[in-house]
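What follows is a single structure, written as C-alpha cells, with notes after it.
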Amino acid sequence: QVQLVQSGGGLVQAGGSLRLSCAASGRTFSSYAMGWFRQAPGKGRDFVSAISRSGDMTLYADSVKGRFTISRDNAKNTVHLQMDSLKPEDTAVYYCAAHSGYEIFALAAAADYWGQGTQVTVSS
C-alpha cells in the first residue's frame with residue numbers, strides 16, 4: 001500500500017513557474033515508476049510526465065516538453081514536477097501516480113495509486 005500526498009500548485013500568471021511535489025509513504029518507493037497526469041474541466045485525465053524507478057528515464061507529453069521537468073529523490077520518497085513557462089492551457093488539476101509493473105508508464109489506467117490532486121491555474 002502506498003499513499004501519495006501532493007503539495008504545491010496554485011495560481012500563476014502566464015509565463016510563470018510552479019513546482020509540484022508528491023510524497024510517498026512506505027519503504028518501497030524506489031520500486032514504483034512515478035508519473036504526473038492532469039485533468040481539465042470536462043476532459044479526461046491526460047498524461048503529463050513520467051520517471052522510471054531509478055530516475056534514469058523520463059517521458060513527457062509533447063505539450064509540455066521543454067517546459068516541464070520531472071525528478072525524483074528515492075532517499076526522500078518524493079517526486080517533483082517543475083513547471084516553467086506556464087500557459088493558460090496548462091490549467092488543470094494535477095495528479096501524481098505510482099505504477100508497480102513496468103519500468104516507466106504513461107497510461108492513467110496503469111496507475112496503481114493516485115495522489116489527491118492539486119489545482120494549477122494559469123491566468124493570461
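Throughout, residue positions are numbered sequentially from 1 according to the sequence presented.
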Requested in this report: Report yes if the side chains of V79 and I51 come closer than 4.5 Å at any heavy-atom pair, otherwise no.
Outcome: yes
On a heavy-atom basis, the closest approach of S100 and Y32 is CB-CE2, 3.5 Å
Residue pairs meeting salt bridge (charged side-chain N to carboxylate O under 4.0 Å, His left out), one or both in residues 43-54, sequence neighbours left out, come to R53-E103
Taking every heavy atom of V2 against every heavy atom of A24, the minimum-distance pair comes out as CG1-CB, 4.1 Å
Taken in chain and number order and not counting sequence neighbours, the residues that satisfy side chain to side chain contact (heavy atoms under 4.5 Å, CB included) with T69 are Y60, Q82
Residue set satisfying side-chain hydrogen bond (donor to acceptor under 3.5 Å, both in side chains) with Q119, at least two apart, ordered chain then number -> T121
Check your understanding: Ion pair present between D90 and K87, side-chain N to carboxylate O less than 4.0 angstrom?
Key -> no
Closest non-hydrogen atoms of R72 and S30, given as atom of the first, atom of the second and distance, are NH2-CA, 4.0 Å
Heavy-atom closest pair (L20 atom, G9 atom, distance to 0.1 Å) is CD2-N, 3.2 Å
Worksheet item: Can you say whether the rings of F37 and F105 are parallel (under 30°), tilted (30 to 60°) or perpendicular (over 60°)?
Response: tilted
Scanning both residues in full, the closest heavy-atom pair of L59 with S49 reads O-OG, 2.9 Å
message: Ignoring hydrogens and geometry beyond distance, is a side-chain donor-acceptor pair present between S21 and H80 at under 3.5 Å?
response: yes
Check whether the ring centres of W36 and F47 lie less than 6.0 Å apart, and answer yes or no. no
task = Indicate if Y113 and L81 have the same hydrophobic cluster label, given that clusters are the connected sets of ILVMFWY residues with side-chain heavy-atom separations under 4.5 angstrom.
result = yes
Worksheet item: Judged by modelled atom types alone, do S17 and D84 share a side-chain donor-acceptor pair under 3.5 Å?
Response: yes
